[in-house]
**Student:** 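Starting off with a structure, shown below.
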Amino acid sequence: GLLRTEFLVLGRSQMPSEDEQASYFIRVGTRFKGRPVVIRSYDLGGDKFPAPLRPPPEANPFLGWRALRVCLDRPEIFIGQIRAILRARAAADVRLLLPLVTQVEEVRSTRELIAEAGRALTQEGTPFGADLPVGVMVETPAAVVLAEALARESDFLSVGSNDLTQYTLVVDRGNARLASRFNALHPAVVRMLQSVAEAGRRAGKPTSVCGEMASEPLAAFLLLGLGYRVLSSAPTSLPLVRWLVRRVELSAAQAAATQAACATTEREVRQALERGIAEYVDLRLLGG
């Protein structure tokens with residue numbers, strides 16, 4: 001999963017201070033002692049714009065000024081969050097994840113800001129962790145195409161399955177009329193997932209999946225077969241997904257995923273996965 005930061009901003013008349021953010025990140029990080037806490041930088045924009053930023057009028061805000069674009073365009077806001085994360089890194093295993101990356105330059109610009117913040121903290125004599133891992137969210141077709149280059153520029157990749165599905169299929173996930181068309185098992189999405197997993201493997205960088213996809217058992221089976229080993233699940237689905245992961249043979253998941261990646265329809269994808277998982281799980285338990 002990931003630690004969202006937008007709630008620190010929304011509903012407020014001013015941005016949170018660096019000290020406030022650092023205190024919160026340290027509190028969360030130390031609660032998960034011995035385990036990493038992945039902090040996603042502000043994913044503002046779309047339907048999440050705080051008053052202090054004075055959002056511009058946009059015809060399609062979800063394709064507009066949002067997420068990392070906002071942070072890089074307003075470095076005076078972003079640098080405070082980066083400093084807070086660096087300070088938390090001195091006390092806990094926190095990591096930075098960048099949302100909606102579509103250009104390699106965005107990662108490089110962020111690293112320059114991290115270096116600038118580190119120099120300032122050093123001059124001030126403020127303790128901080130100098131080895132902050134920086135990850136990239138892969139949630140657009142552009143990021144999939146550039147996955148190998150982004151992997152070289154970052155320390156880890158995390159597939160944002162919700163937005164990747166939305167942007168790949170050109171389907172608004174909040175539109176009830178299109179709900180039947182929002183499908184993470186669409187052949188195009190499956191092949192993109194395969195491509196990202198392979199890019200991460202070639203670059204030797206950890207690659208995970210966040211979003212709602214892995215909460216669905218067939219999708220979790222697919223992701224295992226494609227090579228993903230870190231999955232995000234909704235709390236209510238976690239027991240079933242945990243049980244499934246421990247029960248199935250990895251070789252069966254890999255064979256099923258290979259077939260699914262060659263499919264041309266959603267039905268064929270599901271059939272390949274159901275055949276592969278049927279030996280280990282009663283499909284009636286999965287609603288199949």
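What you are looking at is a predicted structure, and each value in this text was computed from that prediction instead of being measured. We use all heavy atoms of the structure for the numbers below, so side chains are in, but hydrogens, waters and symmetry mates are not. Starting from 1, each residue takes its place in the sequence as its number.
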**Student:** Could you tell me if the side chain of Arg87 sits less than 4.5 Å from the side chain of Pro127, heavy atoms only?
**Tutor:** no
**Student:** From Leu193 CG over to His186 NE2, what is the distance, rounded to the nearest 0.5 angstrom?
**Tutor:** 12.5 Å
**Student:** Members other than Leu97 in its cluster, when Ile, Leu, Val, Met, Phe, Trp, Tyr link by side-chain heavy atoms under 4.5 Å?
**Tutor:** Leu2, Val38, Met137, Phe156
**Student:** Give every residue pair that meets the salt bridge (Lys or Arg N to Asp or Glu O under 4.0 Å) criterion with at least one member in residues 114-125, sequence neighbours excluded.
**Tutor:** Arg83-Glu124
**Student:** Is there a side-chain contact (heavy atoms from CB on, under 4.5 Å) between Gln194 and Leu226 once you walk through the steps?
**Tutor:** CA-CA 6 Å; Gln194 181 186 46; Leu226 291 176; 3.9 Å; yes
**Student:** Per the salt bridge (Lys or Arg N to Asp or Glu O under 4.0 Å) rule, what does the pair list look like for residues 209-222, sequence neighbours excluded?
**Tutor:** none
**Student:** Check the surroundings of atom CZ in Arg191: do more than 12 heavy atoms from other residues, nucleotides or ligands lie under 6.0 Å from it?
**Tutor:** yes
**Student:** Can you tell me if CZ on Phe32 sees more than 12 non-hydrogen neighbours from other groups inside 6.0 Å?
**Tutor:** no
**Student:** Side-chain donor-acceptor pair under 3.5 Å between Gln103 and Arg108, yes or no?
**Tutor:** no
**Student:** How far does CZ of Arg202 sit from OG1 of Thr207, to the nearest 0.5 angstrom?
**Tutor:** 10.5 Å
**Student:** Among Val104, Val196, Val145, Leu98, find the residue that satisfies the side chain to side chain contact (heavy atoms under 4.5 Å, CB included) test when tested with Leu150.
**Tutor:** Val104
**Student:** Following the transitive rule for hydrophobic clusters with a side-chain heavy-atom cut-off under 4.5 Å over Ile, Leu, Val, Met, Phe, Trp and Tyr, establish whether Leu238 and Val230 coincide in one cluster.
**Tutor:** no
**Student:** Any link between Leu8 and Ile39 through a network of hydrophobic side chains (Ile, Leu, Val, Met, Phe, Trp, Tyr) touching at under 4.5 Å?
**Tutor:** yes
**Student:** Can any side-chain N or O of Lys205 pair as donor or acceptor with the backbone N or O of Gly200 at less than 3.5 Å?
**Tutor:** no
**Student:** Within the 3.5 Å criterion, strictly below it, is a donor on Ser109 or Glu105 matched to an acceptor on the partner's side chain?
**Tutor:** no
**Student:** Which residue pairs pass the salt bridge (Lys or Arg N to Asp or Glu O under 4.0 Å) test when at least one of the two sits in residues 155-168, sequence neighbours left out?
**Tutor:** Arg66-Asp163, Arg111-Asp155, Asp163-Arg173
**Student:** Can a donor-acceptor pair be found, under 3.5 Å and without considering hydrogens, that links the side chain of Thr30 to the backbone of Arg27?
**Tutor:** yes
**Student:** Just grab all the salt bridge (Lys or Arg N to Asp or Glu O under 4.0 Å) pairs involving residues 217-241, residues at least two apart or on different chains.
**Tutor:** none
**Student:** Rounded at 0.5 Å granularity, tell me how far CG in Leu96 sits from CG in Leu132.
**Tutor:** 5.5 Å
**Student:** Grab the two heavy atoms, one from Ala214 and one from Val241, that are nearest each other, plus how far apart they are.
**Tutor:** O-CG2, 3.4 Å
**Student:** Within the distance-only criterion (no hydrogens, no angle test), does the side chain of Thr165 pair as donor or acceptor with the backbone N or O of Asn183 below 3.5 angstrom?
**Tutor:** no
**Student:** On a heavy-atom basis, which atom in Ala199 and which in Ala151 lie closest, and how many Å separate them?
**Tutor:** O-CB, 4.5 Å
**Student:** Is there a side-chain contact between Leu244 and Ile277, using heavy atoms and a 4.5 Å cut-off?
**Tutor:** yes
**Student:** Excluding sequence neighbours, so at least two apart, what forms ring-ring contact (aromatic ring centres under 6.0 Å, His included) with Tyr24?
**Tutor:** Phe7
**Student:** Leu185 and side chain to side chain contact (heavy atoms under 4.5 Å, CB included): which partner among Arg267, Glu268, Met213?
**Tutor:** Met213
**Student:** Distance-only, no hydrogens or angles: does the Gln81 side chain make a donor-acceptor pair with backbone N or O of Tyr42 under 3.5 Å?
**Tutor:** yes
**Student:** Roughly how far, to the nearest 0.5 Å, is the CZ atom of Arg247 from the OH atom of Tyr280?
**Tutor:** 10.0 Å
**Student:** Using a 4.5 Å cut-off on heavy atoms from C-beta on, say whether the side chain of Cys210 contacts that of Ser161.
**Tutor:** no
**Student:** Dump the intermediate steps for salt bridge (Lys or Arg N to Asp or Glu O under 4.0 Å) on Asp43 and Arg4, then the final yes or no.
**Tutor:** CA-CA 8 Å; Asp43 189 5; Arg4 300 169 186 265; 5.8 Å; no
**Student:** Look only at the side chain of Glu106 and the backbone of Thr102, and say whether a donor-acceptor pair between them is shorter than 3.5 Å.
**Tutor:** yes
**Student:** Nearest 0.5 Å please: distance from the CG atom of Leu169 over to the CZ atom of Arg181.
**Tutor:** 11.0 Å
**Student:** I would like to know whether Arg95 and Val37 meet side-chain contact (heavy atoms from CB on, under 4.5 Å); could you show each step before the answer?
**Tutor:** CA-CA 6 Å; Arg95 306 175 184 186; Val37 173; over 6 Å; no
**Student:** If you count every heavy atom of other residues, nucleotides or ligands that lies below 6.0 Å from Glu76 atom CD, does the total exceed 12?
**Tutor:** yes
**Student:** Considering only NZ, NE, NH1 and NH2 on the basic side and carboxylate oxygens on the acidic side, decide whether Asp93 and Lys33 come within less than 4.0 Å.
**Tutor:** no
**Student:** Shared ILVMFWY cluster between Met192 and Phe182, side chains joined below 4.5 angstrom?
**Tutor:** yes
**Student:** Decide whether Trp243 and Val248 are clustered together by the hydrophobic rule: side chain heavy atoms of Ile, Leu, Val, Met, Phe, Trp, Tyr closer than 4.5 Å, transitively.
**Tutor:** yes
**Student:** Is the shortest side-chain heavy-atom distance between Phe128 and Arg89 below 4.5 Å?
**Tutor:** no
**Student:** Using modelled atom types only, decide if a donor and an acceptor are shared between the side chain of Gln21 and the backbone of Ala84 within a distance under 3.5 Å.
**Tutor:** no
**Student:** May I ask you to test the Leu240-Pro217 pair for a side-chain heavy-atom distance under 4.5 Å?
**Tutor:** yes
**Student:** Applying side-chain contact (heavy atoms from CB on, under 4.5 Å), run through Phe221 and Val245 and close with a yes or a no.
**Tutor:** CA-CA 7 Å; Phe221 184 63; Val245 167; over 6 Å; no
**Student:** So how far is it from Glu139 CD to Leu164 CG, rounded to the nearest 0.5 Å?
**Tutor:** 8.5 Å
**Student:** Look at the side chain of Ser233 and the backbone N and O of Ser215, then say whether any donor-acceptor pair between them is shorter than 3.5 Å.
**Tutor:** no
**Student:** Any sub-3.5 Å donor-acceptor pair from Arg40's side-chain atoms to Leu3's backbone N or O?
**Tutor:** no
**Student:** Do Leu224 and Tyr228 make a side-chain contact, defined as non-hydrogen atoms from C-beta onward lying under 4.5 Å apart?
**Tutor:** no
**Student:** Of all heavy-atom pairs between Ala88 and Phe25, which one has the smallest distance, and what is that distance?
**Tutor:** CB-CB, 3.6 Å
**Student:** Between Leu68 and Leu100, is there a side-chain heavy-atom distance shorter than 4.5 Å?
**Tutor:** no
